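Just so it is clear, the structure is predicted and the values come from calculations on it, not from any experiment.
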Amino acid sequence: MTVQGLVEWRGRPVNPKWHGGVRAALFLHVLVVLVNAANVANLMNLVSYLHGTMHMGIASSATTATNFIGAMCMFSLVGAFISDSYIKRFHTMLIFGPLEVLGYGLLAIQAHYRSLHPPQCDINKENNNCVQVHGFNFVLLNIGLYTVTFGEGCLRACISSLGGDQFDDDDTIEQRQKISFFNWYTFAISFGGFLGLIFVVWVENNKGWDIGFALCALLVFTGLIVTACGFPFYRNQIPAGSPLTRILQVFVAAYRKRNLSLTDYKESEEVANRNTPGMEVFSRTTGFKFLDKATIDNGEKGGWSFCNTTQVEEIKIILRMLPLFISSTIGYLPFALLMTFTVQQGGTMNTQLGKIHISPASLFVIPITFQMVTLVIYDQVIVPLLRKLTGYPGGITHLQRVGIGFFFAAVATAVAALVETKRKKVAIEHGLIDSSTGIPMSVFWLGLQFFFLGIIDVTSFVGLLEFFYSEASTGMKSIGTSIFFCIIGVAAWLSSFLINVVNKVTRNGEGKGWLDGANLNRSHLDRFYWLLSVIGLLSFLNYAYWANKYVCRYNPGIVTEDVKRSPKRETDTI
């Protein structure tokens with residue numbers, strides 16, 4: 001990415017002294033903080049709303065929450081496709097961001113009117129007699145939830161990509177600033193979550209869910225206004241046309257020429273040197289040779305018959321990243337489930353801190369606080385030290401950072417299994433096996449697994465985000481970052497699938513599986529956590545294999561004034 005490939009808001013070439021840089025990124029950080037104050041609070045507290053107000057069971061509320069997370073991430077593909085193809089990322093955010101405000105508004109309306117709830121019932125005392133939300137009310141709930149996810153998905157795809165566009169990789173200082181941007185981008189997510197878990201969750205639990213959802217709408221709206229104020233300072237990537245079309249053209253052209261030999265390869269100079277605005281120009285690489293047939297000039301013209309080398313190389317980049325996408329998706333599986341069930345565990349335990357009642361969802365302040373402190377130390381102390389030792393701008397490679405997080409995912413679920421075993425033992429000892437609350441065990445025992453959740457976010461989250469952004473071609477930067485969010489989304493959906501499979505396989509003579517029913521004390525969440533720990537360890541080993549085989553597009557060494565990026569491909573290992 002070079003400054004010359006970007007334009008300012010009026011479409012003119014950018015001035016590096018005025019456009020981009022840290023100043024432009026600050027507006028985006030404000031948006032990230034405000035949006036995540038709303039989203040993180042609801043991601044963590046949504047299970048409580050679905051279970052307590054909408055009377056969903058343990059499994060159904062957990063799967064609805066994970067589906068909500070999954071949809072939020074998968075909708076980022078829509079925003080990425082639009083911003084890479086047709087309109088600038090900044091404009092995509094302003095057009096689709098207000099949908100998130102609308103979604104929270106619908107949820108606030110439903111939460112306000114009791115006629116839009118299921119019949120009133122205390123789920124903690126009459127868990128087998130409460131009627132679950134259904135009919136029109138269920139439809140309205142899902143419309144509100146998925147309107148939020150669509151707007152948030154479009155924002156997610158564009159914020160990090162637009163932020164990355166503000167820094168030039170060919171400038172030593174800006175290259176390091178871009179690495180810091182992604183660290184501080186994650187810090188902004190954590191800080192927003194910190195505020196949300198303290199204030200938004202408190203409002204939802206004490207002042208009402210209607211006021212809480214309305215507050216979320218206000219936060220997102222304010223963030224969009226602040227972002228709009230920064231429009232004179234942004235560097236904007238010119239949309240390069242539909243990446244999906246370019247991908248399909250390569251496969252169609254290669255198929256049409258499947259019987260031709262690559263010895264007939266002869267690309268015209270006009271096509272080889274074409275530099276479409278907003279796109280890089282690539283040289284031909286080895287691997288996936290069947291796609292190279294799309295560049296054979298046999299006299300046929302048209303985009304569906306003859307493609308340039310750049311188009312083909314864009315597809316090769318995606319195909320090379322595919323094994324890492326799949327292995328990272330499995331690696332994130334324990335993370336999504338641990339977040340969901342930890343809140344339900346906390347709801348059964350002693351949540352008192354002195355005279356203060358601590359909401360289980362607010363316990364995520366623990367890993368978020370740890371994450372924020374760690375990110376600052378990592379960015380300001382560890383990275384400069386490792387940079388001197390390794391020569392990498394980020395201290396270690398992106399994939400090494402991801403691998404550390406996946407290892408700790410296995411550790412986190414093992415710790416969670418031990419804590420859950422103790423929680424159930426205390427419930428049995430005090431004759432509370434049939435009670436949904438009041439187990440005399442401090443909720444702060446969950447801080448152990450929260451601690452490891454923070455490590456996973458500091459390492460895997462930032463590492464994957466940087467990796468997919470840096471490896472994607474210039475014309476697919478938003479697609480690259482949305483691929484990262486798709487990992488989280490697919491992992492969340494796989495979590496729902498895994499819950500259903502485990503319940504089906506483990507159903508006993510009474511027709512109950514490990515996670516069936518509304519009483520967590522009579523479930524076998526501890527066994528489920530041990531299963532996740534095994535899955536986490538195997539997924540880490542699988543990821544390590546593919547990460548060691550992956551070859552980066554560029555030498556990850558530091559760009560200096562005398563030594564520019566080397567076209568030599570270096571292996572990124574963990």
Next item on the list: Just do the ring pair (Phe, Tyr, Trp, His ring centres under 6.0 Å) check on Phe467 and Tyr550 with the steps written out, would you?
Entry: CA-CA 12 Å; Phe467 169 73; Tyr550 188 80; 5.2 Å; yes

Notebook entry, point to check: Do the side chain of Thr397 and the main chain of Gln400 share a donor and acceptor less than 3.5 angstrom apart?
Noted result: yes

Check: Can you tell me if CZ on Phe199 sees more than 12 non-hydrogen neighbours from other groups inside 6.0 Å?
Finding: no

Checklist line | Nearest non-hydrogen partners of Leu399 and Ala547, listed with the distance | finding: CD1-O, 4.0 Å

Note to self: Before you tell me yes or no, could you show the steps for Lys422 and Asp526 under salt bridge (Lys or Arg N to Asp or Glu O under 4.0 Å), namely the whole-Å CA-CA distance, both residues' side-chain angles and the distance that decides it to 0.1 Å?
What the structure shows: CA-CA 9 Å; Lys422 179 176 176 60; Asp526 51 343; over 6 Å; no

Note to self: Is there a side-chain contact (heavy atoms from CB on, under 4.5 Å) between Val200 and Leu195? Walk through the geometry before answering.
What the structure shows: CA-CA 7 Å; Val200 176; Leu195 297 176; over 6 Å; no

Margin query: Looking at Met72, is its backbone amide N or carbonyl O close enough to the side chain of Thr149 to form a donor-acceptor pair, meaning the two atoms are under 3.5 Å apart?
Written below: no

Note to self: Name the residue from Asn42, Asn39, Leu34, Val35 that meets the side chain to side chain contact (heavy atoms under 4.5 Å, CB included) definition with Cys216.
What the structure shows: Asn42

Next item on the list: Compute the ring centroids of Tyr543 and Phe406, then answer whether they are less than 6.0 Å apart.
Entry: yes

Check: What's the verdict on side-chain contact (heavy atoms from CB on, under 4.5 Å) for Val40 and Phe194, showing C-alpha distance, side-chain angles and the deciding distance?
Finding: CA-CA 8 Å; Val40 173; Phe194 178 85; over 6 Å; no

Margin query: Heavy-atom count check: over 12 atoms from other residues, nucleotides or ligands less than 6.0 Å from Phe407 CZ?
Written below: no

Note to self: Atom CZ of residue position Phe497 - does it have more than 12 heavy atoms of other residues, nucleotides or ligands inside 6.0 Å?
What the structure shows: no

Note to self: Run the side chain to side chain donor-acceptor pair (under 3.5 Å) test on Arg156 and Ser161 for me, step by step, so that the C-alpha distance in whole Å, both residues' side-chain angles and the decisive distance to 0.1 Å come before the verdict.
What the structure shows: CA-CA 9 Å; Arg156 285 191 176 196; Ser161 299; over 6 Å; no

Check: Atom CD1 in Ile247, atom CD in Gln311: separation rounded to 0.5 Å?
Finding: 10.5 Å

Check: Parallel, tilted or perpendicular for Tyr469 and Phe182, by the 30°/60° rule?
Finding: tilted

Item checked: Nearest-0.5 Å distance, CD1 of residue Ile82 to CG of residue Leu77 -> 11.0 Å

Check: How are the rings of Phe461 and Tyr185 set relative to one another: parallel (under 30°), tilted (30 to 60°) or perpendicular (over 60°)?
Finding: parallel

Check: Any ion pair linking Arg401 and Glu466 (charged N to carboxylate O, less than 4.0 Å)?
Finding: yes

Checklist line | Donor-acceptor side-chain pairing of Ser180 and Asp379 below 3.5 angstrom | finding: yes

Item checked: Point-to-point distance, once rounded to the nearest 0.5 Å, from NZ of Lys293 to CZ of Phe288 -> 15.5 Å

Notebook entry, point to check: Are any of the side-chain heavy atoms of Trp514 and Ile499 separated by less than 4.5 Å?
Noted result: no

Margin query: Tell me every residue that passes side chain to side chain contact (heavy atoms under 4.5 Å, CB included) with Ala417, counting only those two or more places apart in sequence or in another chain.
Written below: Tyr529, Trp530

Notebook entry, point to check: Who pairs with Lys88 by salt bridge (charged side-chain N to carboxylate O under 4.0 Å, His left out), at least two apart in sequence or on another chain?
Noted result: none

Note to self: Could you check whether atom CD1 of Ile173 has more than 12 heavy atoms from other residues, nucleotides or ligands sitting under 6.0 Å from it?
What the structure shows: no

Margin query: To the closest 0.5 Å, what do you measure between CZ (Arg284) and CG (Asn308)?
Written below: 13.0 Å

Margin query: Parallel, tilted or perpendicular, judged at 30° and 60°: which one describes the rings of Phe187 and Phe191?
Written below: parallel

Item checked: Distance flag, aromatic centroids of Phe468 and His398, threshold under 6.0 Å -> no

Notebook entry, point to check: Do Ser539 and Leu333 have side-chain heavy atoms sitting under 4.5 Å apart?
Noted result: no

Check: CG of Leu538 to CD1 of Ile535: how many Å apart, nearest 0.5 Å?
Finding: 8.0 Å

Next item on the list: Taking the side chain as every heavy atom from C-beta outward, state whether Leu464 and Ile488 have any pair of such atoms under 4.5 Å apart.
Entry: no

Note to self: Quick check: do Phe233 and Gln166 have side-chain heavy atoms less than 4.5 Å from each other?
What the structure shows: no

Margin query: Nearest 0.5 Å, please: how far is OG in Ser83 from CG in Asn236?
Written below: 11.0 Å

Check: Are Arg246 and Ser473 close enough that a side-chain donor and a side-chain acceptor fall under 3.5 Å?
Finding: no

Margin query: Does Leu337 form a side-chain contact (heavy atoms from CB on, under 4.5 Å) with Phe528? I'd like the steps, not just the answer.
Written below: CA-CA 10 Å; Leu337 286 165; Phe528 185 70; 3.7 Å; yes

Item checked: Close side-chain approach of Phe68 and Tyr146, heavy atoms under 4.5 Å -> no

Margin query: Any non-hydrogen side-chain atom of Val22 less than 4.5 Å from a side-chain atom of Phe181?
Written below: no

Note to self: Evaluate Glu174 against Lys178 for salt bridge (Lys or Arg N to Asp or Glu O under 4.0 Å), listing each step before the verdict.
What the structure shows: CA-CA 6 Å; Glu174 291 198 15; Lys178 187 174 81 170; over 6 Å; no

Item checked: Side-chain donor/acceptor of Asn45 to backbone N/O of Ala41, under 3.5 Å -> no

Next item on the list: Return yes if some donor-acceptor pair links the side-chain N/O of Arg235 with the main-chain N/O of His19 below 3.5 Å, else return no.
Entry: yes

Next item on the list: Please report the C-alpha distance between Gln449 and Glu420 in whole Å, then the side-chain angles of each, then the deciding distance to 0.1 Å, and finally whether the side chain to side chain donor-acceptor pair (under 3.5 Å) criterion is met.
Entry: CA-CA 11 Å; Gln449 59 213 62; Glu420 174 61 10; over 6 Å; no

Margin query: Just so I know, are the side chains of Thr459 and Phe408 near enough to count as touching, which here means a heavy-atom distance under 4.5 Å?
Written below: no

Note to self: Evaluate Leu155 against Leu224 for side-chain contact (heavy atoms from CB on, under 4.5 Å), listing each step before the verdict.
What the structure shows: CA-CA 10 Å; Leu155 284 179; Leu224 292 172; 4.0 Å; yes

Check: Are Val376 and Asn183 side-chain neighbours, meaning at least one heavy-atom pair lies under 4.5 Å?
Finding: no

